[in-house]
Each structure stands twice: as structure tokens, then as C-alpha cells.
Amino acid sequence: MSHYEPLKIEEKWQKRWEEEKPFAAKDNDKRPKMYLAEMFPYPSGAGLHVGHVRNFSIVDCLARFYTQQEMNVLRPFGYDTFGLPAENYAIKTGIAPQDVTITNIDNFRKQAKRLGYAIDWDREVNTSDPNYYKWTQWCFLQLFKKGLAYQKESYQWWCPVDQTVLANEQVENGCCWRCGHEVEKKKMKQWFFKITAYADELLDEIDSLDWPEKIKVMQKNWIGRSEGAEVDFQIAESGGKITVFTTRPDTIFGSTFMVLAPENELIDELVNDDTREAVEKYCKQALKKSEIERQENKEKTGVFTGSYVINPATGKEMPVWVADYVLSGYGTGAVMGVPACDERDYQFATKFELPIVKVIEKPENSTDDSPCYAGEGEMVNSGPFSGKQSSEVREQINDWLEQQGIGHKKVTYRMRDWLISRQRYWGCPIPIAYDKKGNPHAIPEDQLPVMLPKIDDYKPDSTGRSALAKCDEFLKVTINGEEMTRETDTLDGYACSSWYLWRYTDPHNDKAAWDKKIVNYWAPLDVYCGGDHAVAHLLYVRFWCKFFADEGYLGFREPIKRLLYNGYINAPDGKKMSKSKGNVIDPLDVIDQGYGADTLRTYELFIGPYDQKATWSTEAIGGVYRFMNRCWTLVFDSKLNTEDKNIAYRHKTIKKVTEDICRANFNTAVAAMMEYVNELYKNGANKEDLIVLGKILKPFAPHLASEMLEELGSDDIWPKWDEKLLVEDEIEMVVQVNGKLRGRIMIPADDAEDKDKLEAYARADEKVKTFTDGKDIIKVIVIPKTHLVNIVVK
RNA sequence: GGGCAAGUGGCGGAAUUGGUAUACGCGGCAGACUUAAAAUCUGCUUCCUUUACCGGAUUAUGGGUUCGAGUCCCAUCUUGCCCACCA
């Protein structure tokens with residue numbers, strides 16, 4: 001007697017898939033296309049972890065499901081290889097990032113193949129391969145040509161440990177996303193992508209996406225659109241002006257002071273000999289404070305500049321202050337203080353004894369007794385606008401500002417432009433060179449790629465430039481006969497991952513980043529799956545998609561139709577897996593222990609809803625292994641039924657599993673297959689029962705299912721169900737008395753639709769009678785759909 | 001501080017439009033097979049009462065709507081996530 005040997009079966013099928021390449025996608029095929037991908041991994045030296053397996057198995061389950069439904073499926077794979085870990089490793093060990101990356105990719109590929117994924121291996125991409133980053137540079141140049149890649153000198157987040165600037169999206173609670181060290185503010189000239197040019201479209205199209213609500217809300221918050229007005233305030237005695245942004249122009253009559261951010265460049269002109277010293281000291285301190293300190297201490301601080309501006313509505317003088325509660329990067333870096341209508345301005349005014357003028361009356365029924373009221377209401381002390389409602393005054397003031405030529409409506413976003421230059425070696429070189437005057441020039445497209453040179457010393461230099469600054473042969477370049485110096489910054493890794501979904505469709509093209517016809521056949525992506533990058537990556541891809549659509553390179557404006565955002569897996573102790581805690585589960589160990597890849601994959605899909613976090617259980621995986629064994633035994637070690645006893649159950653299971661996979665309810669799909677197998681053990685199975693089992697099991701456990709289908713002599717085409725065959729001859733009806741379950745009665749299925757018959761069965765039941773006898777029946781509710789009868793008695 | 005989501009057995013979790021709460025799995029208990037153990041197979045397993053039947057209670061807590069509520073509404077508590085001086 002033989003038994004289930006997963007490792008043997010899996011080796012056999014993996015070898016066959018390697019030779020026959022059944023997962024090769026065919027461009028421009030007539031079958032309906034289906035394009036799926038996971039967020040490509042960073043191939044670390046540690047190899048696959050169970051989180052990767054969950055992520056990849058979700059995509060694989062869908063890819064195989066659609067393949068079995070005879071669709072033309074594209075399911076590629078790639079590696080996101082630039083970044084700090086490889087560079088820091090190089091600094092520590094002297095091993096070139098190029099070499100480590102190749103080793104790690106080879107290991108990742110080998111491991112992914114042991115999980116039996118249905119990947120088209122001829123389409124691999126690797127972002128640090130010159131054949132790939134040549135086109136990343138090309139993408140940069142398209143943005144540069146249109147003015148959407150530009151340089152700007154301003155205060156930036158700087159990580160003193162990693163010695164590079166960071167994008168807003170890479171600062172988490174005032175700390176570097178990579179090393180966790182507090183970030184500093186540093187004034188530097190940096191490269192940006194003008195993502196704000198697409199802010200409105202990025203916001204407006206979110207609602208049309210089949211994405212988790214959570215992610216949509218995060219992106220909306222991140223973009224943070226607010227409508228308001230910009231208003232100019234004349235500086236008293238100087239003739240200059242200061243512009244503020246406000247969402248509440250209706251409160252302008254209540255503005256009694258103005259506040260500038262410490263970074264604001266106008267401050268220099270506003271100070272006088274008496275105030276200069278104190279203001280400079282304050283600004284210096286504010287800039288030195290870490291972002292955490294600035295956020296934690298909400299006690300208002302500030303200093304008077306010595307200057308005044310004129311409130312255009314009241315004509316009164318308002319003192320101009322500097323305070324760090326005003327942010328430099330948002331709006332104009334200056335606000336009009338309206339202490340009666342804004343909590344922060346109120347705190348500031350009380351602390352520094354600035355006048356408070358009430359301009360909005362609280363509604364009479366308001367229970368709020370704070371002296372500061374930010375809501376809507378009737379205007380007071382507001383000249384011609386007094387007596388009107390604040391919400392309507394808002395529009396009228398906007399018109400008035402415009403007529404006076406001192407203001408206009410304005411939309412402002414919380415999102416800033418995307419800072420993309422990094423002072424690090426291991427990234428895609430920015431294809432720019434500077435002439436003698438320091439003006440930037442594009443490297444001509446026929447000189448791409450700008451190769452990242454192999455070097456010995458990877459450390460950034462002391463001036464805050466990448467190690468490339470020390471590489472003379474890299475620096476020198478001649479463009480149109482003019483000697484120039486290359487840019488030594490490299491691109492943020494997120495730039496490299498902003499277009500790989502299109503490269504996948506045409507990965508070996510050496511004439512273009514992608515072919516328009518091919519990309520428009522496959523893309524946009526039908527399903528994208530990942531558990532990270534809710535804002536950054538997913539926003540950047542959308543931005544590039546819109547840009548390249550505008551340039552005519554893409555025929556669609558949203559890159560991802562459906563997003564599955566999977567949860568992470570914790571260690572059995574409930575904590576995050578980490579090497580230092582010694583609680584890491586290595587998926588390859590699980591396979592080699594004897595469970596095999598099929599059990600591992602199925603277990604990770606069974607562990608709970610795919611979008612929730614889960615805790616690894618070393619016991620529960622045994623249950624899935626038992627299930628695999630029971631499937632194997634049914635096909636290879638049991639007698640077949642000759643009758644067809646399980647028709648209804650079989651069709652019910654096909655329906656349930658099909659619908660569950662479509663809804664991404666993988667855990668309940670597995671549960672349904674387990675129930676089906678339990679039923680087959682009870683009743684015995686015929687050949688058709690087992691063929692169906694093999695087919696529906698294949699997206700989860702492809703090796704075992706292939707083995708079963710081969711034994712049964714069947715193809716793997718996805719089975720269909722027949723609604724008519726779902727119904728058993730007899731069904732159970734349920735009787736309630738006053739909403740309480742009092743009886744279950746087996747009745748012929750033919751009677752299930754007949755309301756009168758259902759009621760008659762219910763009234764005739766002996767057990768039900770004991771609860772209704774001697775009582776008045778007020779009402780009988782009959783629900784044929786659930787074959788339920790509720791008798792209401794008094 | 002603001003916003004959103006969630007709270008179901010010993011545990012992970014199911015319940016698709018308001019209609020049989022606790023599917024499936026783990027763990028536990030019992031039995032079969034075995035000299036024995038493992039594996040496998042078969043039952044039982046929300047709680048209270050009961051030998052058993054019957055009955056009662058139960059989806060964080062309290063109220064409401066309804067013939068009927070895990071599901072809808074209100075309040076409270078707890079947890080998680082996101083944002084957090086964004087004018």
C-alpha cells in the first residue's frame with residue numbers, strides 16, 4: 001500500500017512545468033486576457049518568508065483559477081533590487097551590491113519554484129539590471145522634458161544615519177522608514193517629480209477603483225485637498241505684501257494678527273534692529289527641533305517680528321509674529337490668526353495677549369461653551385456681512401477679494417511634490433549632467449543607460465553626496481561637444497517600481513520601455529496583490545500612469561483595476577517574526593519537514609480572511625496536511641462508487657468554491673472543499689466526484705491536484721454547476737414560535753415554494769403544537785426562500 | 001485630539017439581502033484498529049440544568065426598531081488602523 005508523498009509528487013510536477021512552460025502568456029491572443037501580479041519583492045539574503053508565500057499564493061490561486069477557465073493569463077515575476085540594505089551590506093562586507101543581488105535573486109527564484117507557482121519565468125525583471133534601468137532613466141527624461149521633473153532648493157527631510165534625503169512618504173512619525181533614526185531638516189537643492197500636477201485626478205478617480213476602502217481613505221487623506229482662498233495683506237509702511245491661505249475667508253473680519261512659519265523667507269525683511277536677534281534665535285531653535293519635538297509640544301511658542309500688516313477687511317493693523325505651529329510646506333507658510341474661530345489661533349492669542357474679535361455667533365442650541373467657535377453661524381462684527389450666514393458669506397467674500405484684486409479662490413493640497421533624489425550609490429543614476437554654470441542638461445536618450453559604475457568604496461562622502469562623487473570616470477561626460485559633470489544623486493527606488501507593471505508586458509524590448517500595442521492588450525492590471533505601500537507606491541504608479549497616458553504611451557489612466565491588500569503573518573507567539581526574537585518560521589523548512597508546498601500554500605490561504613493579519617499555528621497546519629492526505633486516499637487508495645450519490649453536494653461545492661475564489665474568500669473555499677471531502681468519505685465517491693475535487697483543488701494545491709487528475713485521466717478545465725441539480729429531493733423546513741426555533745420538518749423539495757403547504761406542515765407538527773395549543777395565533781409569517789415559518793401567538 | 005474599522009466557543013474563524021448562530025480547522029474527550037504507540041478511521045465537543053430527553057441562556061455592555069437582530073439605529077466600554085498644529 002502506497003501513501004501520500006508530497007515531496008516526491010512536487011518534484012515530479014515542478015520538473016515537468018520547468019520543461020513544458022505551461023504558464024507562458026501569449027501576447028494579443030484571442031482568448032480574454034487576465035493580468036495578475038503581486039508587488040514584486042525585495043530579494044533579501046534571508047530568502048522567502050511566510051509573508052511572501054501568503055502574498056504569492058493568493059495571486060497564484062487566482063492565476064491558476066483563471067487559467068483553468070481558459071483565459072489568457074499573464075502572471076510574471078520580478079525583483080525590486082535597488083535600495084539601502086544591499087548598499088549597507090556592501091559597506092560592511094565589501095561585497096558589491098551587484099553580486100549580492102544576483103546571489104539573492106537566484107535563491108529567491110529557486111525557492112519560488114519549490115512552491116510551484118504558475119509564473120511565466122521568461123518575463124523576469126530586475127530593477128538594477130542596466131537593461132531595465134536604462135528605461136527608468138528614459139521615463140525620468142520624459143518627465144524632465146515636460147517640466148515634471150525639476151530641481152528646487154528648500155528644507156528637506158535628512159536622515160543623518162543613512163545620509164540621504166527622504167520623501168515625505170518615507171518619514172514615519174518623524175523617523176526614517178529604513179533605520180528608524182529621527183530625521184532632520186536640511187536646506188538642499190533636490191530633484192522632485194511634480195505629482196501635485198495630478199492631485200485632482202488622483203483624488204477624483206479613487207472612488208472608481210475596486211480597491212479596499214481603507215486604502216482609498218488613506219490616499220484621500222494623503223492628498224488632502226482643501227478649498228479656500230489666498231488673500232494678500234499689505235505690509236504697513238513698506239508697500240510689500242504677505243499672502244496667506246485660508247479655508248475660512250468668511251472669518252477675515254476676526255483676524256487680529258498674522259503668523260509666519262520659521263522657515264518663511266519674508267521674515268528677514270520684517271524684523272528691525274530691536275527684534276532681529278530674538279527672531280533669529282527663535283527661528284534657529286525651531287529649525288533645530290526634531291519633527292517629533294515640534295509635534296509633541298503643543299504649547300504655543302512664538303516671537304513678534306516688529307512689523308504690521310493691514311487687514312484688508314477692517315483696515316486695522318495686525319502684528320506679524322513667527323511661530324512654529326505654522327508649517328512652511330503647506331499653503332503659503334503664513335496664516336491669518338482668527339482667535340475667535342480657530343482653536344490654535346485662540347491658544348496663541350491668549351498666551352501672547354492678542355485681541356480676540358468674535359465674528360460668528362454660536363447657534364442658540366449649541367452646548368459648546370468654549371470661547372472659540374469654529375463652526376458655521378450668523379456673522380457679527382463683519383461690516384456689510386453682519387447678520388448673514390457664514391457659509392454664504394464665504395462665497396461673497398471670495399468675490400469681494402477678487403474685485404479688490406487682493407485675493408482669489410485657491411485649492412491647496414496636503415500632498416507635496418515627490419522628492420526623488422537620494423545621496424546614495426545603490427540606485428538608478430539620474431540621467432542629468434551640469435554645465436560649467438551649473439545648469440542641468442538631459443543626457444541624450446541615445447547615451448542611455450547611464451551605467452552605475454562598479455566601485456570599491458560605497459560610503460557617501462562627507463559633503464552629503466553619494467559615493468559616485470568620488471568616481472572621476474563617472475563624473476566626466478561630453479554632451480554636444482561640451483564637457484559636463486554628471487549628477488551624483490540616484491533615484492528613489494520607488495521610481496523604479498513605478499513602471500514595472502508595464503515592462504512585464506514587454507520585458508525584453510530594447511527599442512522602447514514597452515510596446516504600446518502589447519501594453520494596451522495586457523494592462524491595466526486586473527488584479528494586484530500586496531500588503532505594503534498603501535500610499536507611496538500605489539500613488540506613484542497611478543501618477544506615472546496618468547502622465548504616460550497624457551504622453552500617448554498608455555491607453556488607460558488607472559494602472560490597477562482591483563487591489564487585494566493582504567494581511568501579514570505573526571509568529572506563533574503573536575509577535576512580529578524577527579531574527580532577533582528567534583521566532584521566524586521559514587517556509588522552506590515547513591516544506592522540507594515533509595508537509596510539502598501544497599500543504600503550506602493551502603494552509604496560508606485557510607488561516608483566515610486574506611486581508612486580515614494572522615498568527616502562525618504549528619498545530620493547525622497539520623489539519624491541512626490531513627486534508628491533503630484524505631484527498632490523496634480518495635483517488636489512490638479507495639474503492640470507487642458506481643452510483644452517483646453526491647450530485648447535489650458536488651454541484652453545491654463547485655458553486656461555493658467558484659464564488660468564493662471570485663470574492664477572494666480563500667479560507668471559506670478551502671473549508672467548502674474539506675466539507676465536500678468529509679461527505680465523500682461518508683457516502684463513497686464516484687469518478688466524477690473525484691475529478692471535480694481535483695479540478696477545484698488545483699489552484700490551492702497544484703501538485704497533488706495534477707497527480708490526481710492524471711490518475712483519473714482528466715483535463716483541468718474548471719467545472720460548471722447546474723442550479724437545477726443543487727436541490728436535494730427532501731429539504732428541511734424550520735418552524736419558529738414567536739421567533740424561537742421549535743421544530744425542524746423534512747418535506748418534499750417540490751413543496752418548498754408553496755406558502756400554504758409550508759404553513760400547513762408547520763401547524764400540523766406535533767412538537768410545534770405543544771407551543772401553540774391553547775394560545776391565539778395572531779399571525780403566521782412564511783418565508784419560502786429559507787423555508788422558514790414563524791407562528792406568532794399571544 | 002479627530003476619522004475609520006472591528007468585538008462571535010478553550011483557540012483561528014463561518015454565517016453573501018434582517019430569516020436555523022457557532023460551518024471548517026485546531027485543541028479536548030470517547031471508541032475502533034494495534035501486543036503497544038504513532039498514523040488512520042468513527043463519534044462527541046458554546047454555556048447552564050440533566051444519566052438522558054426536555055428546557056433555559058448566549059454574538060463586548062445597556063437600550064431601541066421588527067413577526068424575527070451577530071447583521072439595522074442610539075449610547076457606553078474595549079481593541080486595531082490611519083491622520084495628527086494642514087489654517
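All heavy atoms count here, side chains included; hydrogens, waters and symmetry mates do not. Keep in mind that what you see is a predicted model, and the values were worked out from it rather than measured.
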query: Do the ring planes of Tyr625(A) and Tyr4(A) sit parallel (below 30°), tilted (30 to 60°) or perpendicular (above 60°)?
result: tilted
message: Does A87(B) have OP1 or OP2 under 4.0 Å away from a side-chain N or O of Tyr330(A)?
response: yes
message: Please pick, from C85(B), U20(B), G19(B), the nucleotide with the shortest atom-to-atom distance to any side-chain atom of Arg744(A).
response: U20(B)
- request: Would you indicate which nucleotide in A84(B), C82(B), A21(B) comes nearest to any side-chain atom of Leu741(A)?
  value: A21(B)
message: Any side-chain N or O of Lys655(A) below 4.0 angstrom from OP1/OP2 of U16(B)?
response: no
task: Tell me which nucleotide among G68(B), U42(B), C85(B) gets nearest to the side chain of Arg630(A).
output: U42(B)
- request: Using the six-membered ring of Tyr610(A), assess whether NZ or CZ of Arg54(A) lies under 6.0 Å from its centre and within 45 degrees of the ring axis.
  value: no
message: Over 60° means perpendicular and under 30° means parallel, so tell me whether Phe352(A) and Phe348(A) are parallel, tilted or perpendicular.
response: tilted
field: Distance flag, aromatic centroids of Phe192(A) and Trp418(A), threshold under 6.0 Å
entry: no
field: Complementary nucleotide of U17(B), counting Watson-Crick and G-U pairs under 3.5 Å
entry: none
- prompt: Quick one: is the NZ or CZ of Arg225(A) closer than 6.0 Å to the six-membered ring centre of Tyr413(A), and within 45° of its axis?
  reply: no
message: Would you measure the distance from the C1' atom in C83(B) across to the matching atom in A14(B) and give it in whole Å?
response: 33 Å
message: I'd like the C1' distance from U58(B) over to C48(B), given in whole Å.
response: 11 Å
field: Position toward the 5' end of RNA chain B (nearest nucleotide), Ile781(A) or Asn665(A)
entry: Asn665(A)
- line: A87(B) -> Watson-Crick or G-U wobble partner, both distances under 3.5 Å, gives none
message: One character per nucleotide, please: for nucleotides 23-32 of chain B, 5' to 3', B when the base has a protein heavy atom closer than 4.0 Å, S when only the sugar-phosphate does, - otherwise.
response: BBSSS-----
query: Which of these nucleotides, C41(B), U20(B), C67(B), is closest to any side-chain atom of Tyr681(A)?
result: C41(B)
- request: Report the nucleotide, chosen from G43(B), C85(B), A84(B), that has the shortest atom-to-atom distance to any side-chain atom of Lys682(A).
  value: G43(B)
field: Distance, P atom - from C4(B) to G9(B), rounded to whole angstrom
entry: 27 Å
query: If we take the C1' atom in both G80(B) and A60(B), what is their distance in whole Å?
result: 15 Å
message: Give me the distance, rounded to whole Å, that separates G3(B) from A84(B) when you measure between the C1' atoms they each carry.
response: 10 Å
- prompt: Across the strands shown, which category fits Phe771(A) at heavy-atom distances under 4.0 angstrom: base, sugar-phosphate, nothing?
  reply: sugar-phosphate
- request: Starting from the C-alpha separation in whole Å, work towards a yes-or-no answer on side-chain contact (heavy atoms from CB on, under 4.5 Å) for Glu679(A) and Tyr681(A).
  value: CA-CA 5 Å; Glu679(A) 189 76 6; Tyr681(A) 262 71; over 6 Å; no
- request: Could you tell me whether Val792(A) contacts a base, only the sugar-phosphate backbone, or nothing, with contacts defined as non-hydrogen atoms closer than 4.0 Å?
  value: sugar-phosphate
message: The side chain of Asp342(A) is closest to which nucleotide in this list: U16(B), A87(B), C83(B)?
response: A87(B)
query: Would you call G9(B) syn or anti, using the 90° rule around 0?
result: syn
query: What's the closest nucleotide to the Thr786(A) side chain, out of G19(B), G56(B), G13(B)?
result: G19(B)
task: May I ask you to say what Gln612(A) touches in the nucleic acid, namely base, sugar-phosphate or nothing, with a heavy-atom cut-off under 4.0 Å?
output: nothing
- request: If C41(B) has a Watson-Crick or G-U wobble mate with both distances under 3.5 Å, name it; if not, just say none.
  value: G31(B)
query: Does the side chain of Tyr603(A) reach to within under 4.5 Å of the side chain of Val590(A), using non-hydrogen atoms?
result: no
- prompt: Base, sugar-phosphate, or nothing: which does Ile607(A) touch, judged by heavy atoms less than 4.0 Å apart?
  reply: sugar-phosphate
message: Taking only the C1' atom of each, what is the distance from G18(B) to C26(B) in whole angstrom?
response: 32 Å
message: Taking the C1' atom in each of C29(B) and U46(B), what is the distance between them to the nearest angstrom?
response: 16 Å
- prompt: Of all the choices, U20(B), U16(B), C67(B), which nucleotide is nearest to the side chain of Val734(A) once you look at every atom?
  reply: U20(B)
message: Please report the distance, rounded to the nearest Å, between CH2 in Trp211(A) and P in C4(B).
response: 22 Å
Complement of C81(B), any strand, by Watson-Crick or G-U distances under 3.5 angstrom: G3(B)
message: Can you tell whether the side chains of Asp660(A) and Lys656(A) come within less than 4.0 Å, N to carboxylate O?
response: yes
- prompt: Given the rule in the side-chain contact (heavy atoms from CB on, under 4.5 Å) test, do Leu209(A) and Leu563(A) qualify, once you have shown the distances and angles that lead to the verdict?
  reply: CA-CA 8 Å; Leu209(A) 300 172; Leu563(A) 176 69; over 6 Å; no
message: By nearest heavy atom, map Asp660(A) and Gly224(A) onto RNA chain B; which one lands nearer the 5' end?
response: Asp660(A)
task: May I ask you to say what Ser226(A) touches in the nucleic acid, namely base, sugar-phosphate or nothing, with a heavy-atom cut-off under 4.0 Å?
output: sugar-phosphate
- line: Answer for the Watson-Crick or wobble partner of A60(B), both distances under 3.5 Å, is U76(B)
- prompt: Which one, G56(B), G19(B), A87(B), comes nearest to the side chain of Leu788(A)?
  reply: G19(B)
task: For the residue pair Glu299(A) and Thr301(A), confirm or rule out a side-chain donor-acceptor distance under 3.5 Å.
output: no
- prompt: Looking only at side-chain N and O atoms, does Lys214(A) come under 4.0 Å of OP1 or OP2 in C81(B)?
  reply: no
- request: For Glu732(A), report the nucleic acid contact type (base, sugar-phosphate, nothing); a contact means any heavy atom under 4.0 Å.
  value: base
task: May I ask which nucleotide in the shown strands pairs with C26(B), Watson-Crick or G-U wobble, both distances under 3.5 Å?
output: G10(B)
message: For the P atoms, the ones on G43(B) and on U50(B), what distance do you get once it is rounded to whole angstrom?
response: 29 Å
